[in-house]
Amino acid sequence: MKLTKSDVTLNEKDALTDMLNCEKQLMSLYTTALFEGSTKNIRKNFSTNLLGVAENQYLIFTQMSTRGFVEPKVANKTMIDETKDTFKKQKKALKADA
């Protein structure tokens with residue numbers, strides 16, 4: 001089966017989604033590298049790169065939101081309280097294990 005250009009061309013939403021996913025992956029990699037960096041200079045470079053990638057991720061997300069490709073969920077008070085409770089329990093469990 002021979003693929004044509006129209007078979008492999010991404011539409012705007014797919015291209016932005018791909019870019020967003022790449023930025024998220026880069027953030028994960030830079031975070032790991034930052035944690036494992038063995039010198040101040042290396043850690044500073046990873047930190048600078050991480051902040052740059054975070055900014056890129058936000059800009060892409062903003063463009064997707066502007067175009068109606070993503071709709072962030074609005075957190076109501078119940079959702080916020082449940083999430084706080086979850087993290088409080090986890091924090092308490094971590095302190096108990098220490």
Side-chain angles (χ1 to χ4, degrees):
M1 178 177 152
K2 186 175 180 179
L3 296 176
T4 64
K5 183 177 178 183
S6 64
D7 293 327
V8 294
T9 302
L10 296 176
N11 61 37
E12 186 177 44
K13 181 180 180 181
D14 291 339
L16 286 169
T17 300
D18 186 54
M19 291 168 61
L20 184 65
N21 288 333
C22 288
E23 294 299 320
K24 288 179 179 181
Q25 183 63 34
L26 277 171
M27 287 181 72
S28 177
L29 293 170
Y30 277 125
T31 299
T32 300
L34 177 61
F35 290 152
E36 296 180 5
S38 60
T39 67
K40 284 187 178 187
N41 192 39
I42 290 285
R43 292 175 62 91
K44 182 178 179 182
N45 286 336
F46 287 143
S47 179
T48 300
N49 291 346
L50 177 62
L51 291 175
V53 170
E55 181 63 23
N56 291 342
Q57 183 272 336
Y58 178 72
L59 292 172
I60 294 166
F61 175 81
T62 301
Q63 288 300 311
M64 292 182 75
S65 182
T66 300
R67 289 169 168 79
F69 297 149
V70 293
E71 290 186 35
K73 292 181 184 178
V74 177
N76 60 39
K77 181 159 176 31
T78 303
M79 291 170 67
I80 293 169
D81 291 342
E82 287 174 358
T83 302
K84 282 182 180 179
D85 288 342
T86 298
F87 284 105
K88 284 179 184 177
K89 288 176 187 174
Q90 290 176 351
K91 185 177 178 181
K92 188 176 182 178
L94 286 171
K95 286 183 178 180
D97 290 341

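Remember, it's a predicted structure, so these values are computed and weren't measured experimentally.
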Pairs in or reaching into residues 80-90: which pass side-chain hydrogen bond (donor to acceptor under 3.5 Å, both in side chains), with residues at least two apart or in two chains?
-> Lys77-Asp81
Write out all pairs satisfying side-chain hydrogen bond (donor to acceptor under 3.5 Å, both in side chains) with one or both partners inside residues 50-71, taking only residues at least two apart or from two chains.
-> Glu12-Arg67, Gln63-Arg67
Residues 14-25 vs salt bridge (charged side-chain N to carboxylate O under 4.0 Å, His left out), sequence neighbours excluded, gives none
Any salt bridge (charged side-chain N to carboxylate O under 4.0 Å, His left out) involving residues 25-34? Give me the pairs, sequence neighbours left out, ordered by first then second residue.
-> none
Other hydrophobic cluster members with Met19, side-chain heavy atoms of Ile/Leu/Val/Met/Phe/Trp/Tyr under 4.5 Å, chained?
-> Leu16, Leu20, Ile60, Phe61, Met64, Phe69, Val70
What's in the same ILVMFWY side-chain cluster as Tyr30, cut-off under 4.5 Å, chained through other members?
-> Leu26, Met27, Leu34, Ile42, Phe46, Leu50, Val53
Does Arg43 offer a backbone N or O that forms a donor-acceptor pair with the side chain of Ser47 under 3.5 Å?
-> no
